[in-house]
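Reminder, nothing fancy here: chain letters follow the sequence lines and each chain counts from 1. Note that these values count all heavy atoms, side chains included, but never hydrogens, waters or copies made by symmetry.
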Amino acid sequence: MVIASILSQLLEDIQGMILSLASFMVTFFPQLAEGFLVTVQIFVLTLLFSMPLGMIIAFGRMSKIRLIRTLSKVYISVMRGTPLMLQILVVYFGPYYAFGIKMGSGYRFPAVIIAFVINYAAYFAEIYRSGIESMPVGQYEAAQILGYSKSQTFFKIILPQVFKRVLPPVTNETITLVKDTSMAFTISVAEMFTIAKQIGAAQTSIMPLMAAGVFYYIFNLIVAFVMESLEKKFSYYR
Amino acid sequence: MGSKLLEINHMKKGFDGKGVLEDISLSVEEGEVVSIIGPSGSGKSTLLRCATMLEQMDGGELIYQGQKAAWEKTDKKGNTKCVYATKEQMRQIKKSFGLVFQNFNLFPHYTVMKNIIDAPVSVDKVPRKEAEERAWKLLRQLGLEDKAEAYPFQLSGGQQQRVSIARALALQPKILFFDEPTSALDPELTVEVLKVIKELAKEHMTMIIVTHEMQFAREVSDRIIFMEQGLIQEQGTPEQIFSSSNARVRDFIGKMNA
Ligand SMILES: Nc1ncnc2c1ncn2[C@@H]1O[C@H](COP(=O)(O)OP(=O)(O)OP(=O)(O)O)[C@@H](O)[C@H]1O
Ligand SMILES: [Mg+2]
């Protein structure tokens with residue numbers, strides 16, 4: 001009897017929670033959706049710039065010139081070895097503390113993008129590098145014997161195969177990025193997490209954050225789906 | 001026999017101060033089939049890699065069709081090293097030879113057809129249509145006409161090696177080098193690849209073949225070279241080598257046939 005009543009109580013609680021989550025979603029959907037748009041912007045811009053920048057840094061990391069190699073190595077190690085949150089703060093406040101330049105609040109969003117791009121470029125650089133270095137030397141030698149130039153070898157033979165090899169780790173990084181966008185709240189950029197937190201504080205409710213969680217989750221389902229289709233596209237050869 | 005296609009004079013090569021090729025001189029005439037045999041570590045692959053310029057030699061001379069690819073130069077301090085022809089000359093020289101690798105090194109992301117025509121089209125600027133016609137001819141010749149649209153991973157090792165031979169032939173080289181073309185293959189697959197090479201020999205393709213297949217070397221070669229410790233210890237016709245009085249040669253052939 002006691003167990004039964006506890007169970008029915010629990011069921012009611014869960015139902016209540018789902019109902020209030022649903023009603024919350026309806027009420028605050030416009031605000032959250034606006035935040036979500038900013039989240040998507042951070043995501044897209046970060047990928048757009050950090051992926052090519054990562055390629056350049058990967059080349060630097062493998063350069064014949066020692067100085068460039070060392071610089072790239074230090075860069076990667078600092079970017080990966082310090083918190084992204086700290087990097088966001090440094091990019092945002094850096095101009096003021098270093099040069100006394102006052103940046104307006106309009107600098108918040110660009111600061112977030114810069115911080116994300118330079119951080120993610122370091123991760124992508126390492127992924128590309130290990131992809132390029134995993135290529136068997138026989139591919140280069142075959143190309144050399146057949147008379148391909150260095151750049152033909154890289155763009156026709158090596159790079160397409162590297163794409164396929166780096167797809168799984170790039171997927172991981174991309175999924176992490178979706179979640180990392182929430183760190184923009186550090187400097188109050190009005191992306192989804194920041195907004196959810198504000199509404200939650202005003203209403204003393206956990207629901208806004210839960211709702212944001214649902215958004216992030218669905219976003220990542222989409223990302224995973226896109227990446228999976230890409231991997232399928234590349235599965236015509238082994 | 002025709003003209004001299006390849007001439008190697010006093011080729012030397014070491015790795016980290018350890019001599020691998022001590023002093024190799026060798027010349028190959030048009031239409032000749034030369035097999036190189038010898039124990040593991042004797043420098044056979046290194047010789048092919050230096051001849052095909054995958055590896056830089058330390059000393060000596062390398063000449064293709066009378067055109068110098070590499071030669072010795074002594075600097076002011078009296079150190080001798082090898083210098084190579086200019087990039088422009090090298091492009092020309094490289095057209096004279098092809099190399100078939102032990103593990104094929106096909107491009108996995110290209111179909112068989114693309115593997116064969118891509119270099120002629122994008123390196124030699126052969127019109128695509130002509131390159132394809134050439135490729136079909138090779139595919140028929142090598143018994144692969146139903147594999148043109150397959151990817152390398154869909155082929156057996158023997159088929160892959162035949163594709164890599166077709167890929168090399170598509171550039172119409174004067175000399176074809178083979179480095180143990182069948183040692184990654186099962187015995188049944190070995191037979192089909194050796195058959196292809198024998199047919200090329202019949203058509204008087206000039207070939208230099210590193211191999212452990214003694215019977216094959218005996219059948220296909222005009223000349224067999226026995227290498228040991230970075231030197232050519234003995235060379236001659238198959239009859240001469242297989243009835244050699246040199247104990248090392250006899251030992252080696254005996255062991256390989258056992
Ligand atoms: N890149 C390299 N760096 C250092 N040593 C090397 C390198 N390539 C070859 N060697 C050494 O040179 C020697 C000759 O090697 P090579 O591969 O030419 O022999 P091989 O006659 O082809 O032997 P196998 O029959 O086993 O293929 C070996 O002692 C090998 O360890
Ligand atoms: Mg070898």
Side-chain angles (χ1 to χ4, degrees), chain A residues 51-52 54-55 58-59 62-66 124 127-171 226-238, chain B residues 45 48-49 51-55 87-88 90-112 114-126 149-155 160 163-164 166-173 175-179 184:
Chain A
M51 288 184 134
M55 187 57 88
F59 282 136
M62 296 180 292
S63 166
K64 278 193 207 107
I65 303 159
R66 201 201 173 111
F124 284 131
I127 290 173
Y128 298 154
R129 180 178 71 98
S130 66
I132 291 171
E133 287 181 349
S134 76
M135 286 300 296
V137 66
Q139 293 287 303
Y140 291 93
E141 292 185 343
Q144 189 184 328
I145 293 285
L146 293 169
Y148 288 94
S149 69
K150 285 237 163 75
S151 76
Q152 279 177 325
T153 303
F154 185 73
F155 287 108
K156 300 188 70 133
I157 308 300
I158 303 300
L159 199 57
Q161 296 186 59
V162 168
F163 271 138
K164 182 183 166 93
R165 284 172 189 234
V166 301
L167 225 39
V170 165
T171 302
V226 170
M227 296 308 281
E228 236 171 71
S229 342
L230 261 180
E231 275 177 46
K232 273 214 195 84
K233 234 190 117 182
F234 275 95
S235 66
Y236 65 89
Y237 75 91
R238 260 178 247 154
Chain B
S45 294
L48 285 205
R49 291 176 61 81
T52 54
M53 295 182 270
L54 287 177
E55 213 73 75
K87 229 174 157 180
E88 196 46 53
M90 210 52 120
R91 227 196 309 275
Q92 208 49 45
I93 293 168
K94 276 186 171 176
K95 281 187 209 262
S96 26
F97 63 83
L99 169 64
V100 173
F101 297 86
Q102 181 177 343
N103 51 357
F104 333 134
N105 290 334
L106 290 173
F107 302 133
H109 59 308
Y110 285 171
T111 61
V112 165
K114 179 113 173 162
N115 261 284
I116 297 173
I117 64 166
D118 195 63
V121 169
S122 59
V123 176
D124 280 359
K125 311 291 174 210
V126 175
E149 291 315 309
Y151 285 89
F153 82 94
Q154 295 165 319
L155 305 180
Q160 288 188 50
V163 173
S164 92
R167 180 176 70 172
L169 289 172
L171 287 164
Q172 304 181 322
I175 309 181
L176 201 46
F177 293 92
F178 294 80
D179 192 359

Worksheet item: Of the backbone (N, CA, C, O) and the side chain (C-beta and beyond), which part of B/F101 lies under 4.5 Å from a heavy atom of chain A, both, or neither?
Response: side chain
Practice prompt. Look at the side chain of A/Q144 and the backbone N and O of B/M53, then say whether any donor-acceptor pair between them is shorter than 3.5 Å.
Written response: yes
Worksheet item: Under a 4.5 Å cut-off applied to non-hydrogen side-chain atoms, are B/F97 and A/I145 in contact?
Response: yes
Discussion item. Which atoms of B/S164 are under 4.5 Å from chain A, going by heavy atoms: the side chain, the backbone, both sets, or neither?
Written reply: neither
Practice prompt. Please state whether the side chain, the backbone, both or neither of B/D118 comes within less than 4.5 Å of a heavy atom of chain A.
Written response: both
Discussion item. If you count every heavy atom of other residues, nucleotides or ligands that lies below 6.0 Å from A/Y140 atom OH, does the total exceed 12?
Written reply: yes
Worksheet item: Between atom CG of A/L146 and atom CG of B/D124, what is the distance when rounded to the nearest 0.5 Å?
Response: 10.0 Å
Worksheet item: Considering only heavy atoms, which portion of A/F234 lies under 4.5 Å from any heavy atom of chain B: side chain, backbone, both, or neither?
Response: neither
Fill in: Interface moiety of B/L171 toward chain A, non-hydrogen atoms closer than 4.5 Å
side chain
Worksheet item: Closest heavy-atom contact between B/Y151 and A/Y237?
Response: CD2-CB, 4.0 Å
Worksheet item: What part of B/Y110 is in contact with chain A, defined as an atom under 4.5 angstrom from a non-hydrogen atom: side chain, backbone, both or neither?
Response: side chain
Item to complete: Check each atom of B/R167 against the heavy atoms of chain A and say whether the ones under 4.5 Å are side chain, backbone, both or neither.
Response: both
Worksheet item: Do you know which of B/G98, B/S122, B/P120 has the most heavy-atom pairs with chain A at a distance under 4.5 angstrom?
Response: B/S122
Fill in: Minimum heavy-atom distance A/Y148-B/A119, with the two atoms named
OH-N, 3.4 Å
Item to complete: May I ask you to list the residues in residues 150-160 of chain A that approach chain B closer than 4.5 angstrom, counting heavy atoms only, ordered by number?
Response: A/Q152, A/K156, A/I157, A/P160
